[in-house]
Amino acid sequence: MTFSKRALFLLFLLILMTSHLRSQTYNKGKKIYQEACLSCHQEDGGGVMNLNPPLDGASNVISNNTAYLIKVVLLGLKGKVALDNKYYGNVMAPHNNLSNQEIADVLNYIRNSWSNKKAKAKKILVEDVEATRKSLP
Amino acid sequence: MQIINLIIVMKSHVILLILVFMGISSFAQQNKKILVPKNFLIEIIADNIGSARHLTVAPNGDIYVKLNDLKDGKGIVKLQKNGATYTQYYFGNYEGTGICIQGNYLYASSNEAVYKYQFDKQWNIMNPNHPDTIIEKLVSEGQHESKSLVVNNQNEVYVNIGAYSNACQEQDRTPQSKGFFPCPILEKAGGIWKFSSQALHQSYPEGDRWATGLRNVVGLDWNYQTNSLFVTQHGMDQLADNYPQYYSKIKSANTPAECLYDTKLGTNAGWPYSYYDYELKKIMLAPAYGGDGIKEYQGVAQEPVMAFPAHLAPNGLLFYTGNLFPEKYKNGAFIAFHGSWNRSPEPQAGFFVVFVPFKDSKPTLKDSWEIFADGFAEVKNPKSPNLAKHRPCGLAQDIEGNLYISDDKMGTIYKVSYRHP
């Protein structure tokens with residue numbers, strides 16, 4: 001095997017591994033979504049009219065304000081807040097029982113699913129969740 | 001050349017005429033997507049009118065529909081009957097669900113208040129922009145905020161004030177969180193309050209708590225056979241999400257039941273301390289109060305008159321008093337189900353209108369109900385409620401005995417009539 005061939009092969013292996021890792025964290029996030037979020041936000045991320053907001057196509061979900069998303073998961077959300085100019089009657093409970101890793105995974109899952117895929121939102125790191133959790137009173 | 005021009009002009013006139021016609025009314029036609037029993041006819045009489053919640057029909061055939069979201073700043077649609085077609089007029093600057101006609105008055109509710117309008121002799125509303133506020137300052141905290149209402153012929157107004165909580169847990173909708181005891185929500189919500197249709201600016205001090213322990217009632221109707229108020233309650237959500245140690249996801253998809261109650265002064269339906277298990281047909285201790293899916297409730301809670309599968313969301317109730325439909329329907333109950341959102345991983349269900357036959361003021365058979373109109377979803381077994389095209393919500397009857405169904409998703413109004421064979 002020539003040097004360049006070997007390099008190509010290694011590169012191929014590396015790509016395979018990272019994509020495998022990526023799909024593994026995606027699947028972990030999906031699992032958490034199914035357990036903790038799906039009943040309200042639905043399998044298709046479309047939410048329920050008047051009750052639970054959609055996550056698919058939601059501007060906050062794909063935004064760079066990742067601290068907001070981490071806070072919503074840690075603290076929950078209720079009260080009359082306009083989300084993309086609509087109101088939702090249900091409440092979201094705090095999900096602070098999830099680990100930093102789980103929160104990062106589930107948020108990366110919703111940011112990279114459905115039509116949100118197109119947005120190519122930046123990845124949320126465990127460190128981001130840790131920092132936000134620490135910043136809370 | 002001139003001839004062609006003339007044709008174009010004529011064509012555009014025809015198109016214009018058609019457009020005008022469509023603007024004035026929706027074209028009535030047999031709807032083949034909705035299945036109804038033999039000899040019944042279902043047609044669409046209006047479409048895209050907004051988030052159509054409850055509706056009511058005046059003696060002259062005009063239909064009034066309450067909108068959940070304002071459309072161009074307005075919250076009530078009047079469908080004025082002109083022969084077989086309807087012209088739409090919008091008024092009322094508030095959102096809400098409840099609407100009903102009694103005597104010469106139209107009553108409609110926002111999520112905090114009830115307003116009263118007066119009809120003149122031609123059944124036109126005299127004060128569309130200046131209704132009287134008869135009830136106000138009712139609790140409205142987001143969850144279960146709609147104020148369904150019915151006014152009977154004894155000047156009594158019954159208003160649902162839904163509980164702003166799923167199960168009165170210390171932390172709402174949170175796994176393992178305990179229930180408050182006693183549940184403080186029941187003081188001002190989680191029940192039906194009774195007011196007078198004749199007084200102005202009433203609130204809690206002027207009203208009576210007619211029935212309690214009702215999590216959220218959307219459908220309600222006065223029954224003149226029993227002289228009592230029947231209500232349809234929405235049962236608790238998310239048993240498996242919050243207490244997975246006691247409830248499998250499948251169990252949670254099928255329980256608690258959605259219940260029809262016959263209420264009298266002082267009725268207690270048991271929320272949040274108990275719930276009605278659809279499969280066991282028993283009143284159970286709620287998990288936020290020590291229940292485990294097996295323990296029955298030892299306190300006081302009224303038995304439902306009829307139990308329906310979980311989460312189907314009975315949003316409209318109507319006792320049929322007309323003479324148009326066959327005898328079997330007389331004094332029986334129609335119930336419009338909105339369809340579920342929390343039955344996953346099971347498919348969502350219940351986008352239909354049900355009929356419960358009544359005999360001697362009770363359901364004819366204990367567990368006997370039948371699907372009357374089905375197919376609103378236009379898809380089989382949708383995974384999510386978003387896939388359902390239409391969602392039934394309100395019911396009304398006109399003096400001829402035709403039945404009307406509203407859909408708050410697409411803003412479609414259906415008319416169901418009957419052809420004697």
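Computed from a predicted structure; not experimentally measured. Lettering follows sequence order; numbering is per chain, from 1.
For the options Glu35(A), Met92(A), Gln34(A), Met49(A), heavy-atom pairs under 4.5 Å to chain B are most numerous at Met49(A). Note: Ser384(B) leads Gly142(B), Ser384(B), Ser177(B) in heavy-atom pairs under 4.5 Å with chain A. Interface check for chain B: of the options Gly76(A), Gly79(A), Ala36(A), Ala93(A), the most heavy-atom pairs under 4.5 Å are formed by Ala93(A).
Lys30(A) forms no cation-pi arrangement with Tyr109(A), by the criterion of a distance under 6.0 Å to the ring centre and an angle within 45° of the ring axis.
Put simply, the side chain of Lys251(B) reaches to within 4.5 Å of the side chain of Glu279(B), judged on heavy atoms. The shortest distance between side-chain heavy atoms of Ile192(B) and Leu214(B) falls below 4.5 Å.
For Arg391(B), the part sitting under 4.5 Å from any heavy atom of chain A is the side chain, from C-beta outward, and nothing else. For Asp172(B), the parts lying near chain A are the backbone and the side chain together; criterion is any non-hydrogen pair under 4.5 Å. With a 4.5 angstrom heavy-atom cutoff, His338(B) touches chain A only via side-chain atoms. At a 4.5 Å heavy-atom cutoff, the contact between Asp69(B) and chain A is made by side-chain atoms alone. Using a 4.5 Å cut-off between heavy atoms, Gln171(B) contacts chain A through its side chain alone, with no backbone atom that close. Contacts between Asp44(A) and chain B at a heavy-atom distance below 4.5 Å involve the side chain alone, from C-beta outward. Heavy atoms of Asn166(B) lying under 4.5 Å from chain A are absent altogether. There is no contact between Asn97(A) and chain B, counting heavy-atom distances below 4.5 Å.
The NZ atom of Lys249(B) lies 11.5 Å from the CG atom of Asn342(B); values are rounded to the nearest 0.5 Å.
Between Tyr278(B) and Phe308(B), the distance separating the two ring centers is not shorter than 6.0 angstrom. If you look at Trp341(B) and Phe351(B), their ring centroids are not closer than 6.0 Å.
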Inset, instruction - Go through Asp47(B) and Thr412(B) one step at a time and tell me if the side chain to side chain donor-acceptor pair (under 3.5 Å) criterion holds. - result: CA-CA 4 Å; Asp47(B) 223 343; Thr412(B) 306; 2.6 Å; yes
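The only member of Arg133(A), Glu130(A), Glu127(A) that meets side chain to side chain donor-acceptor pair (under 3.5 Å) when paired with Asn100(A) is Arg133(A).
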